[in-house]
Number of protein chains: 2
Amino acid sequence: MRTRERDIFRKYLERRGLKLTTERQAVFDELFARHEHVEADEILVRLRGKGKKISRATIYRTLELLVDSGIVGRVRIGEIGYRYERLRAGEHHDHLICNECGRVIEFFEPRIESLQDDVCERYGFLPLSHSHQMRGICRQCRPRTSVVEAVASAERAKAGRRPHLVH
Amino acid sequence: MRTRERDIFRKYLERRGLKLTTERQAVFDELFARHEHVEADEILVRLRGKGKKISRATIYRTLELLVDSGIVGRVRIGEIGYRYERLRAGEHHDHLICNECGRVIEFFEPRIESLQDDVCERYGFLPLSHSHQMRGICRQCRPRTSVVEAVASAERAKAGRRPHLVH
DNA sequence: CTGCAACTGAGACTGAGTCGCAATCGCATG
DNA sequence: CATGCGATTGCGACTCAGTCTCAGTTGCAG
Ligand SMILES: [Mn+2]
Ligand SMILES: [Mn+2]
Ligand SMILES: [Zn+2]
Ligand SMILES: [Zn+2]
C-alpha cells in the first residue's frame, strides 16, 4: 500500500543522493498508516511504543524531507506547533477546526481556489502556496453549544487559554 | 486620534474591572501610530527607545487584552511567532505574503467570504473566525524572480531555511 | 488613611524545534 | 575482506517565543 507516495519519496531521496533508511521508512509508514493530523512528538512515542529506536531529531529531520518531497503537509491546527498529514498527490484541501472538540474537517471549494487566483492577479502577485482555515463549532458540538453560548464560551476562555480568534 | 478604538479598549477594560495604565496606553499608542504587522519584541524595543520603561511580560499581557478586545489582530506572517496589527472596527482583511521581501499585502474578497459561509453550512459548521493567507512573489519582486526561478529558489532553499510552502 | 485587588518588572521556566558532533552505517572500490 | 567516505543517527546542548511566579507598587473605593 501507499506505493505511489513511497515511490515519490524514494525518487526524491535518490535525486538528492540521500538514503531510504529504516528510520525514514518508519516515519513514512507511521504517517501513511492512516489519514490524520499528527504532531512530531506523537510520531516519536508511537514508534517507540512499537519498540523502534529512533530519536526526536531524526523524526524532525525526516518530516522535513517528507514535506519537501511534497507528499506530506505541515499545518498549524492548534495554537502551538505543527501537525503533519499525508497528502494524496495532486489533491489539495483546506481545514475547518472545531474549537470545542478539536476535530478537523477537510474541505475543497474550487470557487474559492479560483477566486484566490483572481485576487493574486489583481495585485500582480504570483501565488506559490496558501493556507486557509476556519475555526468554529462543528456539527457534533453545535447542539451542545448554541451560538450565544459559543460567544460566552469565548468570553469565559479569556481567563484561561482563549481559542485563537484571529480576525 | 484613534479615539474610536481607544474608547472600545477603555470600555473593555472597565467592563472587566481592569485599569487603563500608562503601560497599556503606551502599547496601544505604539500599535495604533501606524498600520503595520509588528512583533511583540519590536514594540518593546521601540518603547524602550522612547525612554519608556516597560517589561516584556507587560507587552505580552497587554497585547492579549488588545486582541481580546477585538481592536488588534494577531497573525502568523512568518514561520515563527505572531505579528500584531491594529484593526478598524467592522473591517476585515486577509493577507498576501511575499516570500522574497516579506512584504504583506492586505486583501478583501467578499465572494470568498461568502463562499466560506457556504462551505461551513455544507458541514453544519458554525464559523467563528478564519485565517487565510497566500504566499508567493509580489509585484515588486517578480521582475527579478521569474516563475522558474521561484521554483528553483524554493529548491535551493531546501538546503537552508526553506520558505513555508505548506500545501 | 487603609485595605485590597489590579499591576508591574525581573527573571525563572517551558516546550517546540534546531544544531553540533562523535560514533555508525551503507555502499562502492580495489 | 579491508579501506574510504559521505550520509545518517542519537544525544544532549541550545534557541527563542511566550508564560508564569512572586514580591514589591499602584490606584482607587470606602
Ligand atoms: Mn488535512
Ligand atoms: Mn493585516
Ligand atoms: Zn467539535
Ligand atoms: Zn516581494
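The figures here come from the full heavy-atom set of this structure, side chains too, leaving out hydrogens, waters and symmetry mates.
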Please report, rounded to the nearest Å, how far the [atom2] atom of [N] is from the [atom1] atom of [X].
X	N	atom1	atom2	answer
Y82(B)	dG18(D)	OH	P	8 Å
E23(B)	dA10(C)	CD	C1'	14 Å
Q25(A)	dC25(C)	CD	P	18 Å
L20(A)	dC25(C)	CG	P	18 Å
E79(A)	dG17(C)	CD	P	14 Å
E64(B)	dA6(C)	CD	P	16 Å

Nearest-nucleotide pick for R24(A), side chain only, options being dA6(C), dG9(C), dT8(D):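 Among the listed nucleotides, the one closest to the side chain of R24(A) is dT8(D).
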Does the protein touch nucleotides 22-30 of chain D at the base, only the backbone, or not at all? Give it as B, S and - per nucleotide, heavy atoms under 4.0 Å. ---------
Quick check on contacts: within residues 52-60 of chain A, what sits under 4.0 Å from DNA chain D by heavy-atom distance?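 Those residues are K53(A), I54(A), S55(A), A57(A), T58(A).
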Taking only heavy atoms on the protein side, list every residue of residues 29-47 of chain A lying under 4.0 Å from any atom of DNA chain D, sorted numerically.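 The stretch gives none, as no residue of it lies under 4.0 Å from the strand.
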If hydrophobic clusters are built from ILVMFWY residues whose side chains come within less than 4.5 Å, do I71(B) and F108(B) share one?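 No, I71(B) and F108(B) fall in different hydrophobic clusters.
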Check: R86(B) and L66(B) side chains under 4.5 Å, non-hydrogen atoms: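 A side-chain contact is absent here, since even the closest heavy-atom pair is not under 4.5 Å.
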Minimal non-hydrogen separation, [X] against [Y], with atom names:
X	Y	result
C120(B)	M134(A)	SG-SD, 3.4 Å
P127(A)	D117(A)	CG-OD1, 4.2 Å
F125(A)	C138(B)	CD1-CA, 3.6 Å
H37(B)	R83(B)	O-NH1, 3.1 Å

Inspect the contact between R46(B) and E36(B) and indicate whether a charged nitrogen and a carboxylate oxygen are less than 4.0 angstrom apart.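 Looking at R46(B) together with E36(B), the answer is yes, because their closest N to O distance falls below 4.0 Å.
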Among side-chain atoms of R76(B) and Y82(B), is any donor-acceptor pair under 3.5 angstrom?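 Short answer, yes.
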Ring pair (Phe, Tyr, Trp, His ring centres under 6.0 Å) between H130(B) and H92(B), intermediate numbers included: CA-CA 11 Å; H130(B) 71 267; H92(B) 164 75; 4.6 Å; yes
Is R48(A) reaching over with its side chain to a backbone N or O of I54(A), donor-acceptor style, under 3.5 angstrom?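 Pair found, side chain donor or acceptor close to backbone of I54(A).
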Between H132(B) and H93(B), does the ring centroid distance fall short of 6.0 Å?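 For H132(B) and H93(B), the ring centres are not under 6.0 Å apart.
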